[in-house]
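Values below: all heavy atoms of this structure, side chains included; hydrogens, waters and symmetry mates excluded.
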Amino acid sequence: MISIVMPMRNAMPYLNECIESIINQTYKNWELIVVNDHSTDDSLKTLQNYAVQDKRITVLNNSGKGIIDALRLAYSKTIGAYISRMDSDDIMPPKKLELMRSKLIEFPNAVTTGHIKYIGENLRDGYKNYEVWMNTLMDSDSHYDQIFRECVIPSPAWMIRRELFDQIDGFNSNMYPEDYDLTLRMYEAKIPVKAVKELVHIWRDYQERTSRNDPHYAFNTFEVLKTQYFLKINYDSTK
């Protein structure tokens, strides 16, 4: 089984498309654990309706606050052999789970990811450039060569065996940006990255997106995180 963890807050404009893309996966042995992070729109009601129709979907309310607390709660309820994450405003191409699971069967001690595509109105050049850069890394499996430039594994586009995920302490870190921190812990543990050379995730950009508005994702938080891990892993005291 693949366990998909998904934090969710006020995702109503895009939620149906997201959930339908999961339900319509070619690989059917999955569970989706969604944690509602204090939504004020109809997201919770919509999710509960899906959960009634499909027993693979579990909906919980966040007992804490924020993405990290939501991820921890979701993960605590998973039972799958493989762990993945999804964002409630994004879209899974139909073969995403099938392709990523196949890659992990081939490389069981790796983390797998794959090609991404950004969608949204008035996409900024930065996102377009990030998509091109990221997919170039996917084609060469050279992610860690540029680990201190930006997060080299998209947060909603990875899959890993549960045992490996637990070895790097999963979602137990309190560091933001949480996706970059997780990737840096994979790097520290020398877990190889093996990418699917096909599209596995459609990433949506819009003005209300959390990474655009939450101070946890401000530029300075990235710099602090990079510096901390660089000093810990790569710093040469003779230079």
Side-chain angles (χ1 to χ4, degrees), residues 1-6 14 17-32 80-120 123-165 167-168 177-205 209 211:
M1 179 185 284
I2 298 169
S3 293
I4 307 160
V5 297
M6 189 170 85
Y14 315 110
E17 189 173 15
C18 171
I19 301 298
E20 291 292 337
S21 77
I22 300 172
I23 291 172
N24 291 322
Q25 288 294 295
T26 55
Y27 186 80
K28 302 299 184 183
N29 188 15
W30 53 262
E31 62 172 356
L32 173 64
Y82 302 100
I83 308 300
S84 188
R85 174 178 165 179
M86 182 60 177
D87 284 350
S88 57
D89 42 19
D90 293 344
I91 302 168
M92 285 189 180
K95 295 180 69 175
K96 176 179 181 174
L97 298 182
E98 177 186 343
L99 291 169
M100 296 180 79
R101 178 180 174 274
S102 295
K103 184 65 73 171
L104 282 186
I105 291 174
E106 185 180 0
F107 299 99
N109 294 316
V111 56
T112 188
T113 181
H115 279 231
I116 64 165
K117 178 182 179 181
Y118 266 112
I119 61 172
L123 266 184
R124 297 179 180 181
D125 287 342
Y127 289 107
K128 296 176 184 177
N129 293 337
Y130 183 78
E131 176 189 313
V132 172
W133 173 72
M134 183 71 75
N135 289 336
T136 300
L137 298 180
M138 302 296 179
D139 289 334
S140 59
D141 284 335
S142 58
H143 299 74
Y144 291 151
D145 292 349
Q146 300 194 48
I147 186 69
F148 294 112
R149 184 177 179 185
E150 241 290 5
C151 187
V152 295
I153 298 177
S155 61
W158 53 262
M159 188 182 293
I160 192 170
R161 285 193 304 114
R162 175 183 293 274
E163 292 86 350
L164 276 182
F165 191 64
Q167 284 177 24
I168 60 171
E178 84 293 336
D179 54 342
Y180 204 168
D181 177 69
L182 178 62
T183 299
L184 285 161
R185 282 185 279 128
M186 293 173 179
Y187 170 60
E188 183 180 16
K190 297 181 171 60
I191 297 174
V193 182
K194 297 295 180 180
V196 174
K197 312 308 184 197
E198 299 177 49
L199 182 68
V200 301
H201 193 78
I202 300 172
W203 221 342
R204 190 187 305 274
D205 177 53
R209 185 177 167 187
S211 59

Grab the two heavy atoms, one from [X] and one from [Y], that are nearest each other, plus how far apart they are.
| X | Y | result |
| --- | --- | --- |
| Arg162 | Ser3 | NH2-OG, 4.2 Å |
| Asp90 | Pro156 | OD2-CG, 3.6 Å |
| His143 | Met138 | NE2-SD, 3.3 Å |
| Pro108 | Leu164 | O-CD1, 3.9 Å |
| Cys18 | Ser21 | O-OG, 2.6 Å |
| Met86 | His201 | SD-CE1, 3.5 Å |

Passes side chain to side chain contact (heavy atoms under 4.5 Å, CB included), Met6 versus Ile19? Steps please.
-> CA-CA 11 Å; Met6 189 170 85; Ile19 301 298; 3.8 Å; yes

So Arg101 and Leu97, side chain to side chain contact (heavy atoms under 4.5 Å, CB included) or not? Walk me through it.
-> CA-CA 6 Å; Arg101 178 180 174 274; Leu97 298 182; 6.0 Å; no

State, with a plain yes or no, whether a side-chain heavy atom of [X] is found less than 4.5 Å away from one of [Y].
| X | Y | answer |
| --- | --- | --- |
| Pro192 | Asn109 | no |
| Val193 | Leu137 | no |
| Lys96 | Leu199 | no |
| Asp139 | His115 | yes |
| Val200 | Trp158 | no |

Side-chain ([X]) to main-chain ([Y]) donor-acceptor, under 3.5 angstrom:
| X | Y | value |
| --- | --- | --- |
| Glu98 | Thr26 | no |
| Thr112 | Ala195 | no |
| Thr113 | Ala157 | yes |
| Lys190 | Tyr187 | no |

Stepwise side chain to side chain contact (heavy atoms under 4.5 Å, CB included) check, Lys194 with Asp141 | CA-CA 6 Å; Lys194 297 295 180 180; Asp141 284 335; 3.9 Å; yes

Could you label the plane-to-plane angle of the Trp203 and Tyr118 rings as parallel, tilted or perpendicular, counting under 30° as parallel and over 60° as perpendicular?
->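 Trp203 vs Tyr118 ring planes: parallel.
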
Quick one: [atom1] on [X] to [atom2] on [Y], what's the gap to the nearest 0.5 Å?
| X | Y | atom1 | atom2 | answer |
| --- | --- | --- | --- | --- |
| Glu198 | Asn135 | CD | CG | 12.5 Å |
| Gln146 | Thr136 | CD | OG1 | 9.0 Å |
| Tyr82 | Ile105 | OH | CD1 | 4.5 Å |
| Met92 | Asp87 | CE | CG | 10.0 Å |
| Glu178 | Thr183 | CD | OG1 | 9.5 Å |
| Leu182 | Ile153 | CG | CD1 | 7.5 Å |

Can you list the steps and then say if Tyr14 with Arg204 is a side-chain hydrogen bond (donor to acceptor under 3.5 Å, both in side chains)?
-> CA-CA 9 Å; Tyr14 315 110; Arg204 190 187 305 274; 5.4 Å; no

